[in-house]
Amino acid sequence: MNYLVKKAFAELFPEKEIDFDARIKYSKAFKGYNAKVKYTRNFMEFRLSHSWKEVSDEIQIGLLQSLFNKIYNKNIKTINIELYDIFLKKVPLLTPKTKTDPVLEQSFNRVNKEYFNEMISQPNLVFGGNNFHTLGTYDYGTDTIRISELLKKNEQLMDYVMYHEMLHKKHKYKSTGKRTIHHSRLFRQEERKFRDPEIEDKLKNFLKKEKFKERFWFL
Ligand SMILES: [Zn+2]
């Protein structure tokens, strides 16, 4: 049994016996600070990205505890979980910015100027060429905004999706243990401030025209 797992569990559930075996696997397959857990009734494997190796035990315990909260469907708060949440929100500062693209950079700069007083620091910016079902995503673990190449055809729509992803970078998320809220009321309120009030309809029409019939979303 890994001692971090043991400690995380004992401090989260002081009254519970550990009735499973567990290990931590640091994996190069994950980027940034991503992590997940695979489990059966009596065995858990925590897979953490390689970067976690360098992170202090206290914060790793917070990560493990928040994964335990998910597994057991609980919402217990601990100091370690608090530390972990603070750490995650600072990840963008720790993440090297190595990827960019001139078209995306222009869109980022336009939106940053118009809506954020240029206060958002530039994340990694990439076109997500091969996933046609996702218009945009923001990944906290690598501080990366990914925009669908489809939007190269329409600057206005690109700015809108860029704006949405930048709002994620600004607002972060609220986690209540069981649930993570990415699109808070405040987020939606600010999203509606986009320069063109008909942008959602325009986006839908554009996607229809592009025969983008399958489900689409942005994260
Ligand atoms: Zn979103």
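First listed ligand is number 1; within each ligand, the first listed atom is number 1. Computation of the quantities below employed the complete heavy-atom set of this structure, encompassing side-chain atoms and omitting hydrogens, waters and symmetry-equivalent molecules.
- Counting just the N/O/S atoms of His183, the one with the shortest distance to the Zn ion (ligand 1) is named NE2.
- Applying the side chain to side chain contact (heavy atoms under 4.5 Å, CB included) test to Leu186 and every residue at least two apart in sequence or in another chain returns His171, Ser184, Gln189.
- The Zn ion (ligand 1) lies under 2.8 Å from an N, O or S atom belonging to His168.
- At a threshold of 4.0 Å, the pair Lys170-Glu190 counts as salt-bridged, since one of the basic side-chain nitrogens sits closer than that to a carboxylate oxygen.
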Per-pair distances, 0.1 Å, donor-acceptor, side chain in residues 7-26, under 3.5 Å, sequence neighbours excluded:
{"unit_1": "Arg23", "atom_1": "NE", "unit_2": "Glu45", "atom_2": "OE2", "d": "2.8"}
{"unit_1": "Arg23", "atom_1": "NH2", "unit_2": "Glu45", "atom_2": "OE2", "d": "2.6"}
{"unit_1": "Tyr26", "atom_1": "OH", "unit_2": "Gln60", "atom_2": "OE1", "d": "2.7"}

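- His164 has its closest N, O or S atom to the Zn ion (ligand 1) at the position named NE2.
- Asp159 and Ser107 share a side-chain donor-acceptor pair at under 3.5 Å.
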